[in-house]
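For reference, the structure discussed in these notes is given below.
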2 protein chains.
Amino acid sequence: MAKNKNTEQKIFDAATELFMEKGVDRTSVRDIASKAGINLALMNYYFRSKENLFDAIFTNLVKENTKDLLNILDSDLGLEEKIRKYVDAYIDMLTTNPLLVPFFMAIIHRSQEKITQMKVISNLYGTEKFSQQIVDEGKAGTIRRTDPTHFFVDMISLITFPFAIRPLIMDRNEMSEEDFNNFIIERKEHITGLLLKSMKEC
Amino acid sequence: MAKNKNTEQKIFDAATELFMEKGVDRTSVRDIASKAGINLALMNYYFRSKENLFDAIFTNLVKENTKDLLNILDSDLGLEEKIRKYVDAYIDMLTTNPLLVPFFMAIIHRSQEKITQMKVISNLYGTEKFSQQIVDEGKAGTIRRTDPTHFFVDMISLITFPFAIRPLIMDRNEMSEEDFNNFIIERKEHITGLLLKSMKEC
DNA sequence: AATTGTTTAAAATCTAGTTTAAAACAATAT
DNA sequence: ATATTGTTTTAAACTAGATTTTAAACAATT
């Protein structure tokens, strides 16, 4: 039982990396086995099929990377502070793992039907509490009345889309990796400012 | 030579549809041949390889769908009117073909390296003239001084990202196709307002 | 009738996912 | 210690399907 978890984990980790880098359909089981340093058949032994392995990996990725964000949305912070923290945390997370967004985008296209049936997928989207907060503060008059659905879509669009088209932005503006990261850091303030301004009467 | 262009076009069209729907890697040459009603080997005869066919299709899709948008950006309209028209035209175009964005996102992930080398790819991004206009009007004081790179990224993020995550938005908000389209129509005004407001001093 | 371009059919080649069967290993019971 | 049992690993085979190549058939044109 010693090596058991170990092998399973090695397969899982190798496949995660490869799927994110090259895409699920361009990664063969032989690639995975070779990267994990294990025998071909072990993938099947532990995960039954490649598609099954993918499901496990995808579910895990969503869970791991949305936990903190959902906690922020559901916290008792005021709206401004909450948005600031959310934008910050989200961008930090994506900077750490810049392949996440492109990978998710590819998966949405690849596994459209399957994906909406996965329970974990609701993690990718906003929370009831946050929507309510926007409505409440609108009624209270601390902010302009704002449609929470549009607002949330605005927010995640502004945060995540640049990562989806990262190669284009870099190419077009002749940015190095470092330049891009700086650009993204600039965006933290920029996005927060934009969103807050959109909620102010003026 | 009568059927020549015809057959080539049939392959091209069938492949375009299938690639957009199911993704390049989940479409087989047999699928294409069968959908086009032609013999398997004809794909090779006309396009040499599947990857080659894909390149031709991708280039064509980008060209076809960016022409009008680039014309708007390069026109002599005032900034406000230009933004209004651009948002409108872009959203109309994507509504007509809601698979375009998810497909492009998947391709960016799939063909990262290749893509930045394609000449056509610069079409996907803003124009020099538009950037200059933002800088100029900022200096002239008709708008707040605005970084054109951030502004342009904001604009295309807000316009296109909702299409990239369409299934999630629909699922989360229990929208039908029609509901989603109405949501998107709402966004025309919403996005234009947001962008213009962001450029106003206040 | 010959040439050229187009289409078809069949075969070869290659790649990939999955399965099988047997061997190696580890733990536990005898 | 030996045997038994269950788990893990290995190597090879199987299956299916994809792409590509080759050669033959066909059609149109010269």
Side-chain angles (χ1 to χ4, degrees), chain A residues 1-61 103 106-107 109-115, chain B residues 1-60 103 106-107 109-114:
Chain A
M1 220 199 222
K3 267 182 152 188
N4 178 356
K5 278 264 163 62
N6 216 336
T7 300
E8 187 169 342
Q9 195 63 41
K10 275 195 291 186
I11 297 170
F12 194 90
D13 293 345
T16 301
E17 269 196 52
L18 288 169
F19 285 171
M20 297 240 293
E21 250 172 54
K22 318 202 310 166
V24 180
D25 295 320
R26 296 171 82 78
T27 299
S28 72
V29 174
R30 287 174 175 83
D31 289 342
I32 298 170
S34 136
K35 172 147 196 165
I38 51 106
N39 181 279
L40 180 61
L42 283 178
M43 186 282 285
N44 258 277
Y45 177 71
Y46 284 105
F47 294 98
R48 293 212 345 272
S49 75
K50 183 185 169 187
E51 199 62 18
N52 215 45
L53 170 58
F54 160 67
D55 290 353
I57 286 175
F58 184 77
T59 301
N60 175 257
L61 276 177
F103 176 66
I107 295 307
H109 186 239
R110 186 197 116 108
S111 313
Q112 215 163 332
E113 287 119 51
K114 184 200 289 181
I115 243 183
Chain B
M1 222 201 218
K3 268 183 149 186
N4 178 354
K5 278 262 163 64
N6 214 337
T7 299
E8 187 171 341
Q9 195 63 43
K10 276 195 291 186
I11 297 170
F12 194 90
D13 293 345
T16 301
E17 269 196 52
L18 288 170
F19 286 172
M20 297 239 294
E21 250 172 54
K22 317 201 312 168
V24 180
D25 296 319
R26 296 172 83 77
T27 299
S28 72
V29 174
R30 280 157 214 269
D31 288 344
I32 298 170
S34 135
K35 173 148 196 162
I38 52 104
N39 181 279
L40 182 60
L42 281 177
M43 186 281 286
N44 237 261
Y45 176 71
Y46 285 106
F47 295 97
R48 292 208 351 269
S49 73
K50 182 183 165 185
E51 199 63 17
N52 216 45
L53 171 57
F54 161 66
D55 289 352
I57 286 175
F58 184 77
T59 301
N60 175 257
F103 176 66
I107 295 308
H109 186 239
R110 187 197 117 107
S111 313
Q112 215 162 331
E113 287 121 50
K114 185 199 292 181

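In what follows, chains are A, B, ... by sequence order, proteins preceding strands, each numbered from 1. It should be emphasised that the depicted structure is a prediction, and the values quoted were computed from it without experimental measurement.
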Phosphate-side-chain proximity, B:Ser49 and D:dT19, N/O vs OP1/OP2 below 4.0 Å: no
Atom-to-atom span, CG of B:Asn44 to C1' of C:dT8 - whole angstrom: 14 Å
Atom pair distance, as rounded to whole Å: NZ in B:Lys10 and C1' in C:dT7: 11 Å
OP1 or OP2 of D:dT9 under 4.0 Å from side-chain N/O of A:Tyr46: yes
Between D:dT19 (P) and B:Glu51 (CD): distance, integer Å: 11 Å
Nearest-angstrom distance from the residue atom CD of B:Glu8 to C1' of C:dT6: 12 Å
Comparing A:Asp31 and A:Ala41 on DNA chain C - which has the more 5′ nearest nucleotide: A:Asp31
From B:Asp13, B:Leu18, B:Ile11, residue fulfilling side-chain contact (heavy atoms from CB on, under 4.5 Å) relative to B:Lys35: B:Leu18
A:Ser28 side-chain N/O to C:dT15 phosphate OP1/OP2 under 4.0 Å: no
Presence of A:Tyr45 side-chain N/O under 4.0 Å of D:dT9 phosphate oxygens OP1/OP2: no
Residue A:Val29, side-chain atoms from C-beta onward, closest of C:dT19, D:dT19, C:dG17: C:dG17
A:Ile11 CD1 to D:dT9 P, straight-line distance once rounded to whole Å: 8 Å
Whole angstrom value for the distance that separates P of C:dG17 from CG of A:Leu42: 16 Å
Electrostatic pair A:Lys114:A:Asp55 at N-O distance under 4.0 angstrom: yes
Side-chain donor/acceptor contact of B:Arg30 with base of D:dG17 under 3.5 Å: no
Nucleotide C:dT7, atom P - distance to CE of B:Met43 in whole Å: 15 Å
Non-hydrogen side-chain atoms of A:Tyr45 and A:Thr7 separated by less than 4.5 Å: no
Geometric class of the A:Phe58/A:Phe103 ring pair [parallel <30°, tilted 30-60°, perpendicular >60°]: tilted
Positive for side-chain contact (heavy atoms from CB on, under 4.5 Å) with A:Phe19, one of A:Asp31, A:Thr27, A:Ile107: A:Thr27
Per A:Asn39 side chain, nearest of listed nucleotides C:dT8, D:dA11, D:dT8: D:dA11
Nearest-angstrom distance from the residue atom CZ of B:Arg26 to P of C:dA16: 15 Å
